Amino acid sequence: MTTTIRALFIALLTLSFAGCQEGTDEAPEDAVATAPVPLTAPTTDDDAAWGEYLTEVVRRNLGGISNSPYLYYLPAESTPGFEGEYGRLLEKSQVDIARGILAGNMLAFGSPASSKMADLIIASFADVDPGSMEGVRVLFIGDAADNQRVQEALAPSGVAYVFVEAS
């Protein structure tokens, strides 16, 4: 089931990127500039709803990033097998980061289990050499209560840290 949800999350993100790149770079003359619709985080633990929400938050925070971001999603703690999911995602993120992330890339972390995701981010960056990740953007979508400790843990690495409160 979680593989299906992850595939859905990746498909949604891919479709978002494809839609942004189609057509011309110029807006039609009759187009009206509008502000993006504010996003609201799901109030349930529904993986599909969280996938859609996180995909849109990532898309809105790409900035100048042109490469596909590294995406890390952790389901709600009430999900059966959560500890196994956590362990596998931690291992994956640690391996990705140990291999090295090149400047111009983004790592995006989001979950309805914000505190556990914050723990995962901090553990993943524990062995990163100071200043070794300059030019890499890290996006954390979570609770404001977890922001400060993640920011402090990532600061030595040199990443451009972006926090979006899941609200």
Side-chain angles (χ1 to χ4, degrees), residues 1-79 82 85-86 89 92-93 96 101 103-122 124-125 133 135-155 159-167:
M1 177 74 173
T2 58
T3 304
T4 304
I5 299 300
R6 285 192 183 128
L8 174 66
F9 183 62
I10 291 168
L12 286 170
L13 189 58
T14 303
L15 289 173
S16 295
F17 290 132
C20 291
Q21 295 175 355
E22 291 178 2
T24 65
D25 291 338
E26 296 179 25
E29 288 181 27
D30 61 345
V32 177
T34 59
V37 175
L39 296 175
T40 303
T43 57
T44 67
D45 294 340
D46 178 36
D47 282 333
W50 274 95
E52 290 176 24
Y53 168 74
L54 295 172
T55 298
E56 184 60 22
V57 173
V58 169
R59 189 184 67 73
R60 290 184 184 190
N61 285 279
L62 282 172
I65 304 293
S66 59
N67 298 324
S68 293
Y70 292 79
L71 304 171
Y72 303 95
Y73 172 73
L74 190 60
E77 291 183 73
S78 62
T79 302
F82 175 80
E85 292 277 340
Y86 177 86
L89 189 62
K92 178 183 179 349
S93 65
D96 290 347
I101 307 294
N105 283 289
M106 181 167 86
L107 299 121
F109 298 86
S111 172
S114 177
S115 181
K116 291 298 282 186
M117 183 56 89
D119 294 343
L120 184 140
I121 296 168
I122 292 166
S124 296
F125 279 81
M133 294 186 70
V136 173
R137 180 177 298 154
V138 173
L139 172 64
F140 173 43
I141 306 156
D143 295 337
D146 299 314
N147 178 30
Q148 186 66 35
R149 67 189 183 108
V150 171
Q151 186 175 16
E152 289 172 0
L154 297 182
V159 300
Y161 175 68
V162 177
F163 172 74
V164 173
E165 185 173 2
S167 57

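Since the structure is predicted, the reported quantities are computational estimates derived from the model, not experimental observations. The figures here come from the full heavy-atom set of this structure, side chains too, leaving out hydrogens, waters and symmetry mates. Sequential numbering from 1 along the given sequence is applied to the chain's residues.
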Inset, instruction - Specify whether Phe163 and Phe140 have parallel, tilted or perpendicular ring planes, treating 30° as the upper limit for parallel and 60° as the lower limit for perpendicular. - result: tilted

Beyond-backbone contact of [X] with [Y], side-chain heavy atoms, under 4.5 angstrom:
| X | Y | value |
| --- | --- | --- |
| Met117 | Ile141 | no |
| Val150 | Phe109 | no |
| Leu39 | Arg60 | yes |
| Met133 | Leu154 | no |
| Tyr72 | Leu54 | no |

How close do [X] and [Y] get, counting heavy atoms only, and between which atoms?
| X | Y | answer |
| --- | --- | --- |
| Ala166 | Trp50 | CB-CH2, 4.3 Å |
| Pro112 | Pro75 | CG-C, 4.0 Å |
| Leu120 | Ser93 | CD2-OG, 3.7 Å |
| Ala153 | Ile122 | CB-CG1, 3.7 Å |
| Val136 | Leu107 | CG1-CD1, 3.5 Å |

Legend entry - Glu152 and Arg149 ion-paired at < 4.0 Å: no

Legend entry - Exam field: side chain Ser111 to backbone Leu74, donor-acceptor pair closer than 3.5 Å: yes

Legend entry - Atom pair CG (Asp119) and CG (Asp146), whose distance is rounded to the nearest 0.5 Å: 7.5 Å

Legend entry - Partner set under side-chain contact (heavy atoms from CB on, under 4.5 Å) for Glu77, not counting sequence neighbours: Phe82, Ala113, Lys116

Inset, instruction - Report the C-alpha separation of Val58 and Met106 in whole Å, then their side-chain angles, then the decisive distance to 0.1 Å, and conclude whether the side-chain contact (heavy atoms from CB on, under 4.5 Å) test is met. - result: CA-CA 9 Å; Val58 169; Met106 181 167 86; 3.5 Å; yes

Legend entry - All side-chain hydrogen bond (donor to acceptor under 3.5 Å, both in side chains) counterparts of Asp45, not counting sequence neighbours: Ser78

Inset, instruction - Please report the C-alpha distance between Tyr86 and Thr79 in whole Å, then the side-chain angles of each, then the deciding distance to 0.1 Å, and finally whether the side-chain contact (heavy atoms from CB on, under 4.5 Å) criterion is met. - result: CA-CA 11 Å; Tyr86 177 86; Thr79 302; over 6 Å; no

